[in-house]
Amino acid sequence: MLTWIVIFLVAYVLAVIGVTRYLGKRANSLFEYFLASRSLGALPVALTFVATWFGATSTKGSLDAYHQQGLSALWLLAIPSVVSLLVIALVFAKRVSQNGCRTQPEAVEKCYGPTGRLLLALTILASSTTLVAAQLVAVGQVLQHTLGLDLAWGVWMFLLGVITYATVGGYRAVVLTDILQMIFIVVAIFIMGGFSLASLGNQPAVLHHLQAQPASFWNIGHHGQENATMALSFVFAWCIAPEMWQRMASTQNDRMAFRAALGAFGILLVLYCLVFAVGIVSAGLFPSSQPVDVLVSLARAMPHPALAALIFMGFFAAVTSSMDSPINVASMTWTQDIYQRFIRPKASNTELLWISRLATILLPLPAAHIAISHPNIIGVLWMSADIYASVMFIPVVGLLYAPKLGRLSGVLAMAFGGVSIGLNVLRRTGLDQGWLNALGWPDAPYATLIGVGLSAIGFALGALLQGRAATGGRGNRLLAE
């Protein structure tokens, strides 16, 4: 199996390097490096959108969750992912494309001023870091279980590999390599699905073990309140994520954006149905009272080592495709929304390209530390979603649907939501020394809803204060007249 893994991995790496080196020559401006000059059609954007979304948590994380929890695990990833993409298609896709801004912080500045742009840029950097960390947790664990690598070694090796190709080619290379990675992902899922369904039909013991599962395994409402809250917090974060903005902004027009989002919804729905079927059947294939790494166990159960290697390659492709996009978005945010906007407004195009590539190398490095110190896939993913949702959801919806409410509304929304993030960080690091527990401050996933609520209060307060100021100004002008 290891021999086949090496063969497929070498072929995959050579293909990725070839694509990125070729496309790297075209990336001679920031517009090309980060948005492919807005020349992409609906299909490539839909495929890269799915590849970005369908990562380690959607494969390894989902399989393990279905194996352990049954139907209720649908709330953790499948339901919020599908709902988020449907919301993007029906609510946000056309508006983002029509907005015309290259980045979310750029759009925020037009609506809420430079302070809002800086706050949102810093938020994106923080949330992108934790999103990359969630993927690294999964790949580190798989490399540890298959190759015997130390978790830290696996995390650092994989991260450096992704950084290498993401640095060279920019967004266009990310899109084309994501399409290549989608092929590996689909092949791996169909192999696992075919094997699982064949086992269900050919091995009576598998069906027997499934029938022996407790009633809670077949109850989609098990832990319903907590699971639904977690799903809602993910929807708040994912439907307005910076990766969504970049994808929709890179399409040729708003119709292409809508078609890309709707196409991604359909593809992702099919993939999640297949993963769900494999995960449920795995509870009959590997019955155990102890947690099982379903992906690794399925690969080892394959009748031929080449099939096992293809499963691992599909997983690695899913991880890399979900890492390169937030890395590219973080680099774009640092280069355009912080460095060019606030540090070096007159920087040359050559300097900005150099800074963007340096940012692609350096910004993901803290993610490795998070992955090594917090090896919990869903937990780290929630950290990213919590940051997105609490700080970004209300201001982004506001700039798309209520842009005339004034600068103060967006700034206060981000500040109030940031308070929730700060308290969550204090609690998770233990710096609060227990006083947040004493006050009854909730943990995941309920803290996200508190953060969104605080952000909404800040938005409303800002709009109210700005409205009173505007009314007072008009009154003073009338008195003067």
Side-chain angles (χ1 to χ4, degrees), residues 34-36 38-59 61-62 74 76-99 104 128 131 135 171-190 231 234-276 314 317-329 381 384-385 388 396 400:
F34 289 124
L35 287 178
R38 294 202 71 170
S39 61
L40 299 179
L43 182 58
V45 172
L47 291 175
T48 187
F49 210 164
V50 172
T52 299
W53 214 294
F54 201 77
T57 47
S58 300
T59 50
S62 289
L74 283 166
L76 297 180
L77 288 167
I79 290 177
S81 296
V82 172
V83 170
S84 295
L85 268 175
L86 190 59
V87 170
I88 290 170
L90 299 179
V91 179
F92 294 119
K94 287 188 175 182
R95 293 224 173 216
V96 171
S97 181
Q98 293 167 353
N99 182 273
Q104 275 184 339
S128 296
L131 183 58
Q135 311 304 312
Y171 177 63
R172 193 182 293 272
V174 167
V175 171
L176 289 185
T177 52
D178 279 354
I179 294 173
L180 174 65
Q181 289 155 355
M182 272 300 301
I183 297 173
F184 280 101
I185 294 170
V186 171
V187 169
I189 291 176
F190 272 93
F234 283 148
V235 171
F236 278 139
W238 294 344
C239 69
I240 48 88
E243 292 81 12
M244 177 278 296
W245 191 285
Q246 185 187 37
R247 264 61 182 170
M248 298 302 101
S250 67
T251 55
Q252 298 171 14
N253 51 57
D254 58 350
R255 295 188 305 276
M256 289 284 189
F258 171 75
R259 288 165 56 189
L262 198 61
F265 163 77
I267 297 170
L268 200 68
L269 181 62
V270 173
L271 291 178
Y272 271 118
C273 286
L274 292 171
V275 171
F276 167 73
V319 174
T320 55
S321 63
S322 294
M323 285 175 57
D324 54 22
S325 292
I327 289 173
N328 188 258
V329 166
L381 187 66
S384 175
Y388 275 146
V396 170
L400 291 175

Do the side chains of Met182 and Val50 get nearer than 4.5 Å, heavy atoms only?
yes
Output the distance between atom CG (Leu74) and atom OG (Ser81), rounded to the nearest 0.5 Å.
11.0 Å
Starting at CZ of Phe92, measure out to CE of Met248 and round the result to the nearest 0.5 Å.
12.0 Å
So CG of Leu262 and CG of Leu85: to nearest 0.5 Å the spacing works out to 9.5 Å
Residues in ring-ring contact (aromatic ring centres under 6.0 Å, His included) with Phe276, at least two apart?
Tyr66
Would you say Ser58 and Val275 make side-chain contact, with heavy atoms under 4.5 Å?
no
Shortest non-hydrogen contact from Tyr388 toward Ser128
OH-OG, 4.0 Å
Distance-only donor-acceptor hits, side chain of residues 264-271, under 3.5 Å, sequence neighbours excluded:
none

Donor-acceptor contact below 3.5 Å, side chain Arg259 vs main chain Ala42
no
Can you check whether Lys94's main-chain N or O pairs, donor with acceptor, with Ser97's side chain at less than 3.5 Å?
no
Nearest heavy-atom approach of Ala46 to Ala260 is CB-O, 3.4 Å
Is the side chain of Thr48 donor-acceptor paired with the backbone N or O of Pro44 at a distance under 3.5 Å, no angle test?
no
Closest non-hydrogen contact found for Pro80 with Ala231 is CB-O, 3.5 Å
Tightest non-hydrogen contact, residues Ala237 and Ala385, listed as CB-O, 3.2 Å
Over all atoms of both residues, closest heavy-atom pair of Ile185 and Gly314
CG1-O, 3.6 Å
Side chain to side chain donor-acceptor pair (under 3.5 Å) with Thr52: which of Glu243, Arg247, Gln246?
Arg247
I need the Asn99 CG to Trp245 CH2 distance, nearest 0.5 Å.
4.0 Å
Just say parallel, tilted or perpendicular for the rings of Trp53 and Phe49, cut-offs at 30° and 60°.
tilted
Which residue, Asp254, Leu400, Asn253, forms the side chain to side chain contact (heavy atoms under 4.5 Å, CB included) with Gln98?
Asp254
Would a 4.5 Å heavy-atom cut-off, applied to side chains only, mark Thr320 and Phe184 as touching?
no
Check: Ser322 main-chain N/O paired with Ser325 side-chain donor or acceptor under 3.5 Å:
no
Approximate separation, where rounding is to 0.5 Å, of Leu77 CG and Phe234 CZ:
6.0 Å
Closest non-hydrogen contact found for Cys239 with Met244 is O-CE, 3.2 Å
